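Worksheet: one structure, shown below.
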Amino acid sequence: MLDIALFRNDKDFKKLLESEKNRFRETKNAEETKKYDELWKKAKQTCEEKKAEKNKITKEIAELAKNKKPIDQLKEKSKKIDTEIKDLEQKQIEYLKSRDKYRSEVGNILWHNTTIGQGEENNHLIKCCGKAKVQKSHIKQFKTLSGGKMQFEELKFNPKSHVDIGLEKDLFDLERAAKISGSRFYFLKNKLAILHLSILRFAIDKLMKKGFNFMYTPFIVNKDTIEKTAELSDFEEMLYKVGNDQFLIATAEQTLAGFHMDELIPKDSLPLKYVGLSSCFRREAGSHTKDTRGIFRVHQFDKVEQYIFCLPEDSEKIHNEMIKNEEEIIQELELPYRLMDICSSDLNLTAAKKNDLEAWMPVQGTFRELGSGSITTDYQTRNLNIKYEDKNEKFVVHSLNCTILASPRILTAIIENHQTKEGKINIPKALWLYTGFKEI
RNA sequence: GCAGGGAUGGCGGAGUGGUUAACGCGUUAGACUGCUAAUCUAAACUCCGAAAGGAGGCGAGGGUUCGAAUCCCUCUUCCUGCGCCA
């Protein structure tokens, strides 16, 4: 959540309200936060005055007891104050709870160059990369979606969807998965399962070469951690609860963010760069009709994720680096993609800025998200209490996250883009060493 | 799973019911001497407050007490031993 100081200072509060308006959100959360903060402060003050009074009496008793003098009268007085304190304390706690409930619903302050706009159609196209294979009937739409900036060649055959190819070539089993687990589950089979493993390892090796620490993280976190790393809406739509108070992670971002919880990080060790591998679990509630066929949108997948802790002034530079890392990987997988700046209304609360990388899908005739990277400033790290020290003063570190790739989603892009007229799937050269085969 | 022992500042570590959580290391600032070394002095948990000041803090949450790091209960977590196990 945001620094409470931003709500107290008029100038900052104005900026904050403007940011909320630019997100096309009501300013009620911010206003209620401010209101309850003031109530809390007042209640706290009166409560502390009572406590001070009581502490004074306690000290007097200690003095009397030392000299073996009677203390009964003061004891009575102290007990009386106690009941008053209890009431005041109750009030104080309630105000603080309300304050932070509203505060957690205020979005991060938008980054200076975040695209302001409402609705997906206002996302801003940053760049295109690669050469797309486009069916004749999709050319017009392709040109619009790529802003006319992307190279393409017309497909000379009718491409098959990843679902058809997968079933034809016995690369996954969806029916049996549905029978034993439910919809949106899958068995990956044979060479496709190998490709899945290969692609993860390929990505991890690449990032380790860039100096990232590789982390294979837990898949389950406790309530405390999930509350500090997820947003309220995630609990309703995304997260699986297991056991009493534990949750399956929806992304390694949650474990990596929590890795340094309650730590004071030496300034000169920043930035701390992590690349995590984990399975991810998502309920996908509220997306019942979307992408139901195949392995594009599933309840369980594996993801390689970058997560970096850094100094506030380095956020933007590092964000760009992380996006570049993602791009490099997708380029080596020879997938045509576009990079989008997500507009303000479509940002999650944590993100001040978010860029999505979307691959061209020749069968659907549209771009689909492969991953995204966000500037989150100190929004998560404040909850997690991760600080660094500079000249004996403590500051909250900043953090950023960015996908490298998620599989099996990326497999759908590979299958559809790299299929040949003869019905084969070409494996990108970069993966040969890992797969041990060049085509499926 | 069972039994025993722990959890105190950035780190190490004392403190077994009474006013201000000792001490050491490291950090920062200042002084001093050719010096960034040594030495000396000071500062540094969190919250409210412009400040003066006040409140809360010893893994978390409760309780006993005028008063709890210290006593009691529940939980979390770590260590040791035993058991089980891919």
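The shown structure was predicted, so the numbers you read here are calculated from the model rather than taken from an experiment. Convention: sequence-line order gives letters A, B, ...; per-chain numbering from 1.
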Please verify the inter-ring angle class for [X] with [Y]; under 30° counts as parallel, over 60° as perpendicular, anything in between as tilted.
X: A:Phe185; Y: A:His299; result: tilted
X: A:Phe259; Y: A:Tyr274; result: perpendicular
X: A:Phe367; Y: A:Trp360; result: perpendicular

For atom [atom1], what is the distance between [N] and [M], given to the nearest Å?
N: B:A29; M: B:G34; atom1: C1'; answer: 22 Å
N: B:U70; M: B:C25; atom1: C1'; answer: 26 Å
N: B:G26; M: B:G17; atom1: P; answer: 34 Å
N: B:U74; M: B:C48; atom1: C1'; answer: 32 Å
N: B:G49; M: B:C40; atom1: P; answer: 40 Å
N: B:U8; M: B:C58; atom1: P; answer: 12 Å
N: B:G81; M: B:C47; atom1: P; answer: 42 Å
N: B:A68; M: B:A86; atom1: C1'; answer: 47 Å

- Message: Less than 3.5 Å apart, any donor N or O on the side chain of A:Tyr337 or A:Gln331 sitting next to an acceptor on the other?
- Response: yes
- Regarding A:Asn29 and A:Glu20, is there a side-chain donor-to-acceptor distance under 3.5 Å anywhere? no
- Message: Quick check on contacts: within residues 42-59 of chain A, what sits under 4.0 Å from RNA chain B by heavy-atom distance?
- Response: A:Lys44, A:Glu48, A:Lys51, A:Ala52, A:Lys54, A:Asn55, A:Thr58, A:Lys59
- RNA chain B contacts made by residues 84-98 of chain A, counting heavy atoms under 4.0 Å: none
- Go through the structure and list residues passing salt bridge (charged side-chain N to carboxylate O under 4.0 Å, His left out) with A:Asp72, not counting sequence neighbours. none
- Task: Check side-chain hydrogen bond (donor to acceptor under 3.5 Å, both in side chains) between A:Ser279 and all other residues, then give those that pass, not counting sequence neighbours.
- Result: A:Asp302
- Task: Name the nucleic acid region contacted by A:Leu264, choosing base, sugar-phosphate or nothing; use a 4.0 angstrom heavy-atom cut-off, strictly under.
- Result: sugar-phosphate
- Query: Looking for any heavy atom pair under 4.0 Å, which part of the strands does A:Glu263 touch: base, sugar-phosphate only, or nothing?
  - Reply: nothing
- Option passing side-chain hydrogen bond (donor to acceptor under 3.5 Å, both in side chains) with A:Glu48 (candidates A:Lys51, A:Lys44, A:Lys50): A:Lys44
- Answer yes or no: is there an ion pair linking A:Lys206 with A:Glu328, defined by an N-O contact shorter than 4.0 Å? no
- Task: Check for a donor-acceptor pair, side chain of A:Ser19 on one end and backbone N or O of A:Leu110 on the other, with a separation under 3.5 Å.
- Result: yes
- Item | Sidechain-backbone polar pair: A:Asp291 side chain, A:Arg297 backbone, donor-acceptor under 3.5 Å | no
- Message: For a 4.0 angstrom threshold against heavy atoms of chain A, report the outermost contacting nucleotides of RNA chain B in 5' to 3' order.
- Response: B:G10 to B:G67
- Task: With pairs defined as Watson-Crick or G-U wobble and both distances under 3.5 angstrom, please note down RNA chain B as a dot-bracket string, | for pairing with another strand.
- Result: ((((((((.[[[..)..(....]]].(((((.......))))).((((....))))..[[[[[..)....]]]]])))))))....
- If we only count heavy atoms from C-beta on, is the A:Leu167 to A:Phe172 side-chain gap below 4.5 Å? yes
